[in-house]
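Hydrogens, waters and symmetry mates are skipped; everything else that's a heavy atom, side chains included, is used.
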Amino acid sequence: KTEGIRQLIYMKDQKQLIVVSTSNRGLCGGFNSTIVRKAKALAASLKKEGKDVSFYCIGRKAFDQLRREYESPIIARKSAMTTPGYVDADVITQDLITRFHKGEFDVCTVVYNRFLSPLKQEVTAHRLIPFSQLEDDYDLFKMEGKASGALSQSLRSVYEYEPDQDEVLKALLPKNITVQMFRSLLENSASEHGARMAAMDGATRNANDMIKKLTLTFNRTRQAYITKELIEIISGAEAL
């Protein structure tokens with residue numbers, strides 16, 4: 001198992017697994033399509049490099065949009081959670097780690113929408129296996145883009161572990177991957193709600209605009225019909 005944990009950090013990269021996290025329902029603007037588009041672009045890039053690409057779909061929309069082109073490489077599909085919990089992320093992570101130990105993939109990357117604001121989301125491709133830290137997690141350690149001298153020295157310091165490093169990795173690394181997966185599920189869920197709110201707000205405004213235009217057209221048509229009838233009545237009266 002220790003060797004398996006070490007492989008979560010150091011490994012080959014021939015078999016690539018892309019976890020595509022979307023929603024189960026539509027009516028949320030381009031939320032799902034942007035994620036799938038990013039996953040397809042990533043898959044195309046990896047295939048050009050000669051890699052073997054497979055997909056792990058979370059959410060019905062991911063499977064529906066990918067199965068036409070990549071049905072055979074889809075190794076698993078799961079339903080998206082409306083309110084994802086840590087247990088849900090742990091179930092997915094344990095499944096991924098089990099598949100990794102079976103040799104089904106070498107590198108795992110999750111593609112999801114990162115929540116920036118209710119009106120703005122950013123499609124993100126984050127590598128889960130081997131372990132990779134999100135760039136913004138280093139912000140606390142940055143000082144004008146460069147680490148301070150004292151911090152740089154501390155990062156190079158030698159630490160003693162109790163228990164040993166292998167035991168620490170064995171306990172913490174799978175949990176870290178679970179936390180990263182949980183983070184992506186939460187970010188995706190928040191982004192979905194924001195995108196759905198924006199889409200519904202846009203649809204409401206469009207409907208109101210259409211109602212105003214149709215009401216104006218109706219009033220103009222009615223007025224033209226009334227005017228026509230008045231002209232006919234006046235013309236008839238004059239003829240008599």
Side-chain angles (χ1 to χ4, degrees), residues 4 7-26 28 30-81 84 88-115 121-137 173-174 176-192 195:
Q7 288 178 354
L8 290 174
I9 306 178
Y10 307 104
M11 67 177 72
K12 54 187 179 179
D13 61 351
Q14 178 58 34
K15 298 179 181 179
Q16 299 275 342
L17 176 65
I18 302 176
V19 179
V20 187
S21 181
T22 62
S23 65
N24 291 328
R25 299 176 298 163
C28 49
F31 172 79
N32 293 310
S33 59
T34 53
I35 295 175
V36 174
R37 193 180 307 119
K38 175 72 172 180
K40 289 182 177 180
L42 179 60
S45 176
L46 292 172
K47 286 187 175 182
K48 285 183 179 180
E49 298 176 6
K51 309 297 183 183
D52 299 326
V53 180
S54 55
F55 293 94
Y56 191 108
C57 295
I58 301 176
R60 184 170 59 86
K61 290 299 180 179
F63 179 76
D64 290 344
Q65 295 187 38
L66 287 172
R67 64 179 177 177
R68 297 181 181 88
E69 298 180 43
Y70 306 98
E71 184 172 3
S72 55
I74 298 177
I75 63 174
R77 55 177 296 193
K78 291 185 177 294
S79 178
M81 290 68 67
D88 301 314
D90 188 54
V91 170
I92 296 175
T93 301
Q94 294 304 320
D95 185 25
L96 290 174
I97 292 178
T98 300
R99 292 176 182 275
F100 170 75
H101 289 318
K102 290 180 180 179
E104 295 186 17
F105 65 90
D106 299 323
V107 177
C108 175
T109 304
V110 58
V111 180
Y112 64 98
N113 256 324
R114 185 177 175 189
F115 182 82
Q121 301 85 35
E122 181 181 50
V123 182
T124 303
H126 176 53
R127 191 182 67 193
L128 288 180
I129 302 174
F131 171 72
S132 173
Q133 187 130 6
L134 286 175
E135 292 181 1
D136 63 334
D137 289 341
L173 194 54
N176 181 275
I177 296 175
T178 302
V179 170
Q180 298 290 355
M181 175 58 71
F182 185 36
R183 174 179 181 167
S184 69
L185 292 177
L186 289 177
E187 294 265 8
N188 220 42
S189 179
S191 298
E192 178 190 350

What is the distance from atom CG of Leu42 to atom OG1 of Thr109, rounded to the nearest 0.5 Å? 6.0 Å
Would you find a donor on one side and an acceptor on the other, under 3.5 Å apart, between the side chain of Thr124 and the backbone of Glu122? yes
Can you tell if the side chain of Phe100 reaches within under 4.5 Å of the side chain of Leu96, non-hydrogen atoms only? no
Criterion side chain to side chain contact (heavy atoms under 4.5 Å, CB included) on Ser184 and Ser21, from CA distance to verdict: CA-CA 8 Å; Ser184 69; Ser21 181; 5.7 Å; no
If you measure from SG on Cys57 to NZ on Lys78, what distance do you get to the nearest 0.5 Å? 12.0 Å
Between Val36 and Ala62, which heavy-atom pair has the shortest distance, and what is it? CG2-CA, 4.4 Å
Polar side-chain atom of Ser191 near backbone of Asn113 as donor-acceptor pair, under 3.5 Å: yes
So do Val53 and Pro73 actually touch side chain to side chain, heavy atoms under 4.5 Å? no
Please assess Gln121 against Arg114 for the test side chain to side chain contact (heavy atoms under 4.5 Å, CB included), listing each intermediate value before the final yes or no. CA-CA 5 Å; Gln121 301 85 35; Arg114 185 177 175 189; over 6 Å; no
Applying the side-chain contact (heavy atoms from CB on, under 4.5 Å) criterion to Met81, which one of Ile92, Asn188, Asn24, Leu186 satisfies it? Ile92
Using a 3.5 Å distance criterion without hydrogens, assess whether the side chain of Ser189 forms a donor-acceptor pair with backbone atoms of Leu185. no
Could I get the full list of salt bridge (charged side-chain N to carboxylate O under 4.0 Å, His left out) partners for Arg99, not counting sequence neighbours? Asp95, Glu104
Which atoms form the tightest heavy-atom contact between Ala43 and Phe55, and what is the distance? CB-CZ, 3.7 Å
Approximate separation, where rounding is to 0.5 Å, of Ile35 CD1 and Ile58 CD1: 10.5 Å
Nearest non-hydrogen partners of Lys51 and Gln16, listed with the distance: CB-CG, 3.9 Å
Nearest heavy-atom contact between Val111 and Ala125 is CG2-CB, 4.2 Å
Exceeds 12 heavy-atom contacts within 6.0 angstrom, atom NZ of Lys38: no
Would you give the length of the straight line joining atom CG of Asp88 to atom CZ of Phe182, rounded to the nearest 0.5 angstrom? 8.5 Å
Side chain to side chain contact (heavy atoms under 4.5 Å, CB included) between Asn32 and Asp64, worked out: CA-CA 11 Å; Asn32 293 310; Asp64 290 344; over 6 Å; no
Where Pro174 and Ile97 come nearest, the two heavy atoms and their spacing: CB-CD1, 3.9 Å
Indicate yes or no for a side-chain donor-acceptor contact from Ser45 to the backbone of Ala41 under 3.5 Å, with no hydrogens or angles considered. no
Could you tell me whether the side chain of Glu187 and the main chain of Phe115 form a donor-acceptor pair under 3.5 Å? yes
What is the minimum heavy-atom distance between Ala195 and Cys28, and which atoms define it? CB-O, 3.5 Å
About how many Å separate CG of Leu128 and OG1 of Thr178, when rounded to the nearest 0.5 Å? 9.5 Å
Give the C-alpha distance, both sets of side-chain angles, the deciding distance and a yes or no for side chain to side chain contact (heavy atoms under 4.5 Å, CB included) between His126 and Arg183. CA-CA 11 Å; His126 176 53; Arg183 174 179 181 167; over 6 Å; no
With rounding to the nearest 0.5 angstrom, report the CD1 to CD distance, Ile177 to Gln94. 9.5 Å
